[in-house]
S.K.: 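One structure coming up, written as structure tokens, with questions to follow.
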Amino acid sequence: MEAAHPKQWIGKICAQNGLRLSDEQLQSIELLATLLLDWNKKINLVSRRDEENFWTSHILHCLSLLFKVDLPADATILDLGTGGGLPGLPLKIARPDLLFTLLDSTHKKINVVNDIIAVLGLRGINAVWGRAEELSKTKEHNHRYDIVVARAVASLKDLVRWSEPFLKTGSTTTLPTAAIAGDQTRRRMEKPTLIALKGGDLNGEIEQIQKLPQVKTITVLDLTLKGSSQFDGSEKKIVLVEITGTPKQKADRQ
């Protein structure tokens, strides 16, 4: 069923996990998948071995973040190391209110992402080329974002270091927990937050960041889903790292 009707399948899984997508949104996600797979023949955006399971390994994996985390309405989000636009593009389609900047250091990938954004006719999203360490110092991006999201980009230690200059300071708005899919709930979160979709053994990575002065809390969420066993027993997790600026960092910026 999944291979024959991926659009209907993804819509059903989303609904079972509290995310209801319109027919128009599902059509946009289907077009996104087609465009990415077409581009992947020319530019290596995703692993070739994942193409056969693209809808589960990439589309469902990206959207699963919305099953588990209650993102603030109209939040500004930086997709750090977006590659071919993942997870930013599926998240934008599913949550049009969110304002996205997609960042990657490979120019040809950003060119592809900008082309896809134009074809899909998306608004409130842009793709930029550059290195995180340099771009985070610019007025346009320095402490401008509520959330940084990263998918299979780097270690948590590096992600915290790269994310802190992008994230807003002094924001502690707590969102109410929203009930979804029966007795499940989306995770309450506070801004500013790094959200990392990670795999593998995270114990060592978490140990490296838990005593950093800019790290407020660390929360690890499993990816067990209703209606799909795709991630059952896997090492894929969602890691929420609430980040605050340290006095030294604030002094350095003055």
Side-chain angles (χ1 to χ4, degrees), residues 61-62 64-72 75-83 86-88 91 98-105 130-138 140-178 185-223 234-254:
H61 188 221
C62 293
S64 66
L65 190 156
L66 298 177
F67 304 164
K68 301 294 183 176
V69 181
D70 192 0
L71 298 179
T76 53
I77 301 178
L78 177 74
D79 181 356
L80 180 61
T82 189
L86 303 172
L91 293 177
L98 301 176
L99 303 174
F100 276 93
T101 296
L102 279 48
L103 169 63
D104 202 273
S105 60
R131 291 176 55 82
E133 300 94 326
E134 298 170 359
L135 212 65
S136 64
K137 298 175 184 177
T138 64
E140 183 181 2
H141 299 284
N142 185 251
H143 298 295
R144 297 294 184 180
Y145 297 93
D146 300 310
I147 296 166
V148 172
V149 62
R151 180 175 180 261
V153 173
S155 69
L156 287 174
K157 186 176 182 180
D158 283 338
L159 291 176
V160 168
R161 176 168 57 89
W162 294 334
S163 298
E164 192 278 332
F166 284 107
L167 288 166
K168 294 178 181 178
T169 58
S171 178
T172 57
T173 301
T174 303
L175 297 177
T177 302
T185 58
R186 290 190 180 97
R187 186 72 184 188
R188 278 198 318 188
M189 59 176 294
E190 294 183 352
K191 302 179 289 185
T193 305
L194 162 67
I195 303 177
L197 286 87
K198 295 281 293 181
D201 185 359
L202 294 175
N203 292 331
E205 291 191 40
I206 290 174
E207 188 174 328
Q208 286 184 325
I209 69 170
Q210 59 188 1
K211 293 184 179 180
L212 294 177
Q214 65 266 48
V215 173
K216 184 178 179 183
T217 64
I218 305 168
T219 305
V220 180
L221 306 177
D222 288 325
L223 269 187
S234 76
E235 294 183 330
K236 292 184 181 296
K237 309 288 183 182
I238 297 175
V239 184
L240 307 180
V241 184
E242 294 179 16
I243 296 177
T244 58
T246 65
K248 179 180 184 301
Q249 289 166 327
K250 291 177 181 178
D252 289 344
R253 291 194 293 271
Q254 293 176 354

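Numbering starts at 1 and runs along the sequence shown.
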S.K.: Could you point out which residue of I77, I243, L80, V160 forms a side-chain contact (heavy atoms from CB on, under 4.5 Å) with V148?
M.R.: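 It is L80; the other options fail the test.
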S.K.: Find out whether V69 and R186 are in side-chain contact, i.e. whether some heavy atom of one side chain is under 4.5 Å from a heavy atom of the other.
M.R.: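 A side-chain contact is absent here, since even the closest heavy-atom pair is not under 4.5 Å.
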S.K.: Listed by chain and number, what are the side-chain contact (heavy atoms from CB on, under 4.5 Å) partners of K137, not counting sequence neighbours?
M.R.: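 Residues passing side-chain contact (heavy atoms from CB on, under 4.5 Å) with K137: none at all.
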S.K.: Kindly compute the distance separating CD1 (I209) from CD (Q214), expressed to the nearest 0.5 Å.
M.R.: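 It is 9.0 Å, given to the nearest 0.5 Å.
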S.K.: What I'd like to find out is whether the side chain of V149 reaches to under 4.5 Å of the side chain of L197, using heavy atoms alone.
M.R.: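 Counting from C-beta outward, V149 and L197 do come under 4.5 Å.
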S.K.: Just verifying a value: how many Å separate L78 CG and L99 CG, rounded to the nearest 0.5 Å?
M.R.: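 So the gap between those two atoms works out to 12.5 Å.
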S.K.: With side-chain contact (heavy atoms from CB on, under 4.5 Å) as the test, would you mind laying out the steps for V239 and L159 before giving the verdict?
M.R.: CA-CA 11 Å; V239 184; L159 291 176; over 6 Å; no
S.K.: Find out whether F166 and L103 are in side-chain contact, i.e. whether some heavy atom of one side chain is under 4.5 Å from a heavy atom of the other.
M.R.: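 In short, these two side chains touch, coming nearer than 4.5 Å.
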S.K.: Kindly compute the distance separating OG1 (T193) from CG (L167), expressed to the nearest 0.5 Å.
M.R.: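 Atom-to-atom, T193:OG1 and L167:CG are 7.5 Å apart.
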S.K.: Quick one, D146 and P72 - any side-chain contact, counting heavy atoms below 4.5 Å?
M.R.: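 No - every pair of side-chain heavy atoms lies 4.5 Å or more apart.
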S.K.: How long is the gap from NZ on K198 to OG on S155, to the nearest 0.5 Å?
M.R.: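 It comes to 6.0 Å.
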S.K.: State, with a plain yes or no, whether a side-chain heavy atom of K168 is found less than 4.5 Å away from one of T76.
M.R.: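 Sidechains of T76 and K168: in contact.
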S.K.: Once you round to the nearest 0.5 Å, how far does CZ of F67 lie from CG of L221?
M.R.: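 Going from CZ on F67 over to CG on L221, the span is 13.5 Å.
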S.K.: Quick check on K237: does its NZ atom have over 12 non-hydrogen neighbours (other residues, nucleotides or ligands) under 6.0 Å away?
M.R.: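 Enclosed.
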S.K.: In this structure, are over 12 heavy atoms from other groups packed under 6.0 Å from Q210 atom CD?
M.R.: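 Yes - once you tally the heavy atoms of other residues, nucleotides and ligands closer than 6.0 Å, there are more than 12.
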S.K.: To the nearest 0.5 Å, what is the distance between CD on E242 and CD1 on I195?
M.R.: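 Between E242 CD and I195 CD1, I get 10.0 Å after rounding to 0.5 Å.
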S.K.: Under 4.0 Å between a Lys/Arg side-chain N and an Asp/Glu carboxylate O for D70 and R187?
M.R.: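 Result for this pair is no, no salt bridge flagged.
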S.K.: With sequence neighbours excluded, what pairs up with K236 under the side-chain contact (heavy atoms from CB on, under 4.5 Å) test?
M.R.: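 Expected list: H61, L223, F231, S234.
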S.K.: Closest heavy-atom contact between P87 and R151?
M.R.: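 Closest approach of P87 to R151: CD-CB, 3.8 Å.
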S.K.: Could you go step by step and tell me if V153 and D158 meet the side-chain contact (heavy atoms from CB on, under 4.5 Å) rule?
M.R.: CA-CA 9 Å; V153 173; D158 283 338; over 6 Å; no
